[in-house]
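Throughout, protein chains are lettered first and strands after them, A, B, ... in sequence-line order, and every chain is numbered starting at 1.
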Protein chains: 2
Amino acid sequence: MTEPIRIKDIAERVGVSSGTVDRVIHKRGQVSAVLREKIERVMKEMGYEPNIAARTLAHNQKRLSIAAILPDYRTDPYWEQPKEGVERAAESVRHYGAMVEFYFFPIFEPKTFLITVSQALDAQPDAVLVAPLFLQEAQVLFAACAQRNIPIVLINTQIEDDDELTYIGQDSYQSGVLAGRLLNFGLTDGDHAMLVNLDKEVASARHLQEKERGFKDFFNGVEKKSVTIHTAVQEDFDDPVQLKTWAEEQITLHPQLKGFFVTNSRAYKLVEALSPVFLQKAKIVGFDLIAPNLKLLEAGKIQFLINQNAWQQGYYGILTIVNRLIFKKETQRILYLPLDIIVKENVEYYLKGNLQSPIMVV
Amino acid sequence: MTEPIRIKDIAERVGVSSGTVDRVIHKRGQVSAVLREKIERVMKEMGYEPNIAARTLAHNQKRLSIAAILPDYRTDPYWEQPKEGVERAAESVRHYGAMVEFYFFPIFEPKTFLITVSQALDAQPDAVLVAPLFLQEAQVLFAACAQRNIPIVLINTQIEDDDELTYIGQDSYQSGVLAGRLLNFGLTDGDHAMLVNLDKEVASARHLQEKERGFKDFFNGVEKKSVTIHTAVQEDFDDPVQLKTWAEEQITLHPQLKGFFVTNSRAYKLVEALSPVFLQKAKIVGFDLIAPNLKLLEAGKIQFLINQNAWQQGYYGILTIVNRLIFKKETQRILYLPLDIIVKENVEYYLKGNLQSPIMVV
DNA sequence: TTAGATTCCGTGTACGCACACGGAATTTTT
DNA sequence: AAAAATTCCGTGTGCGTACACGGAATCTAA
């Protein structure tokens, strides 16, 4: 193995001190143009790559505080996963001087979200990780971060923007297409299928719209069977009685209904609202490996779950920030996590956050 | 954030020098029992965790050479993936003084495998990564490694042994069960399905046996449809004409045949041997994201591919070794990688080795 | 031309850990 | 009891990088 090239090697080759090379590397100026170019050339020639361990060690007096603004995990089991991913990542990077402060907001309250945001910003974080559920209110946060010049990483909900936003999560459209494919496997010609939004403010929820678009596009595509698609929204998913009534209505209305695609992690609520008899023939595709869903997957009452990798969204979100601000690495603007297809036979591999051993980005 | 505890902090608290604490940490003796216990106690109390960056930096005069003994990737596209995973990992850990030397052997030649092994061992590696395709011959390698007291990591083929072997790969039995589940989705009552081994020396290939067992167990289980299962072995898979003849025989023999489970990455060879007409109705489940399979998945001629994560097998294999020997971390004996279900709608996420940014285990 | 301002570059120290070296304290031997 | 051997522990240095500090060289202004 060839010995790694050090700053010192570059310096000696050029005939300057290591401090000068360092200034070039960090673009800290104070170096004449001639010398700078020469040093840059020699660095390329010799293939210099910084020693991360040494860099980290030298850096380690620096402290990095990250604000994680997430929906309250106590109001919705889905949000436990990003939280745990963030916690795990925080643990991994603690040694490098990064710390994470959580700020939780109630899942359906845009106004409280704004209050939470201002609390987070008051603490003067160096970076922000956020699940920007509310399009309007998120803009306020984006503006504030742009003004303070601190990087911001979005998870779960993708919002395009002029600023330097990073998104980590799923491709919602594609997940809708995939759901179509999976339902299609289980259905036969003439069946009806229904896309169900068990959510609030669906019209303004970008990711739900995208899923619907993808789902419909699949069945308009070439490979589909002749399946009729319905769509429905039910905002009162927290009231079992009402949900049951609603579900039975749908079934009577569409007797050919054989398949459901629930666009978020609440497939279990739909299953609970459907009669056991009906369930025997029904095919259900949902999202996310949360406990109530897993139970029904195991019982054969949910056929497929698409894993949104919520845990990884949190984990990679933090790692991305640390990579940028501590290791000063280039990071990608958009990281689409895989759309894992989960059945009971492979579910166990996706439960522990996929990363059995702590992983550190270098 | 609480400041990280350093060796120095421990030393001051106990009233000794950092050198003494260091000797306790590394169990290098030269410390009285009383003091040792006291230091160990204080370390726990204060929750000492070594600074990986500093440790790595201090360690860095050490060199670690790893021998990677793999089937020749030129004879079988499957083996490109582990090779690339190993290469990527090698790149990530180069800074830490680890280097990987490849040793390739022809995929069906046990004798050449032995020669390759002795070549690898002649180079005096500090650790070995191997795909032990040949049960008998692998024992020779295990013995040699045990004698030299160097750790060995197995990928792809799991072999139990008394020695301290580490296995990274799939759970073959479970992948068979999963294949059963997937085929079951596409078949209807009364259909026949066939498990096809396009391989040589199947009887002594542990992982193929396990897949078969899992597949059959699924259809003997509760949730299955009434599907009749056949199994077949075809060793002359490299001769298209012969394979075609054989395939047509099977179809005439079993007119109800609607589904195939190919137990390795050669599903594409079966597809090429089947008539287009027959393929329109056939359901095919295979393994691995190699180019010819991907093309057929895209074309809708293969319904499902199960991803064996061959890339990751190589990647995590190297990382495990580095974790053990450089970072001195505990590593797990068995790492079962996920059994990803791949359809054309989610295939793209699994192609780039899943790790877009270089990742280092710490 | 000289003092002052500015640009440019070298030196030194710290980061936390690993380990070699040697000195002090204790035990064993003479 | 003195010498030798052994156990035990502290000190010092290096790993490669980041950055503060200050000195030397060059440039500007009087």
- prompt: Using a cut-off of less than 4.0 Å, is there contact between a side-chain N or O of B:Y48 and OP1 or OP2 of C:dC17?
  reply: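 Yes, because at least one side-chain N or O of B:Y48 sits under 4.0 Å from OP1 or OP2 of C:dC17.
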- prompt: Is the distance from OP1 or OP2 of C:dC9 to the nearest side-chain N or O of A:S32 less than 4.0 Å?
  reply: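 So the side-chain polar atoms of A:S32 do come within 4.0 Å of the phosphate oxygens OP1 or OP2 of C:dC9, strictly under.
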query: Between A:Q170 and B:Y349, does any side-chain donor sit less than 3.5 Å from a side-chain acceptor?
result: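 No, because no side-chain N or O of A:Q170 sits under 3.5 Å from a partner of the opposite role on B:Y349.
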query: Between A:A54 and B:G15, who's closer to the 5' end of DNA chain D by nearest nucleotide?
result: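 The residue whose closest nucleotide sits nearer the 5' end is B:G15.
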field: Note: B:K44-B:E40 ion pair, threshold 4.0 Å (strictly below)
entry: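 Here B:K44 does not pair with B:E40 in a salt bridge, since their nearest N and O are not under 4.0 Å apart.
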- prompt: Got a salt bridge between B:R41 and B:E45, using NZ or NE/NH1/NH2 to carboxylate O under 4.0 Å?
  reply: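 Salt bridge flag = yes for B:E45 with B:R41.
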Within this structure, what is the [atom1]-to-[atom2] distance between [X] and [N], rounded to whole angstrom?
X     : N      : atom1 : atom2 : result
B:R28 : C:dA20 : CZ    : P     : 7 Å
B:R23 : C:dC21 : CZ    : P     : 14 Å
A:E49 : D:dT17 : CD    : P     : 11 Å
B:I52 : C:dG16 : CD1   : C1'   : 11 Å
B:K27 : C:dA18 : NZ    : C1'   : 16 Å
B:H26 : D:dC8  : NE2   : P     : 20 Å
A:K8  : D:dA18 : NZ    : C1'   : 16 Å
A:N51 : D:dC15 : CG    : P     : 12 Å

Could you work out which one of [options] sits closest to the side chain of [X]?
X     : options                : value
A:R6  : D:dG16, C:dC17, D:dG10 : D:dG16
B:L57 : C:dC21, C:dC9, D:dG16  : D:dG16
B:S17 : C:dG10, D:dC15, D:dT11 : D:dT11

- prompt: With nearest nucleotides of DNA chain C determined for B:R55 and B:Q30 from heavy-atom distances, which residue corresponds to the more 5′ nucleotide?
  reply: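 Nearest nucleotide further toward 5': that of B:R55.
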message: Consider side-chain contact (heavy atoms from CB on, under 4.5 Å). Of A:V21, A:D9, A:V42, A:I25, which one does A:Y48 pass it with?
response: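 Of all the options given, the one that passes is A:I25.
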task: Describe the nucleic acid contact of B:L35 in one word from base, sugar-phosphate, nothing, applying a heavy-atom distance below 4.0 Å.
output: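 Counting heavy atoms under 4.0 Å across all strands, the contact made by B:L35 is with sugar-phosphate only.
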query: How would you label the contact of B:D22 with the nucleic acid (heavy atoms, under 4.0 Å): base, sugar-phosphate, or nothing?
result: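 B:D22: base contact, heavy atoms under 4.0 Å.
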message: Less than 4.5 Å apart, side chain to side chain, heavy atoms only: is that true for A:L64 and A:M99?
response: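 No, every pair of side-chain atoms sits at 4.5 Å or beyond.
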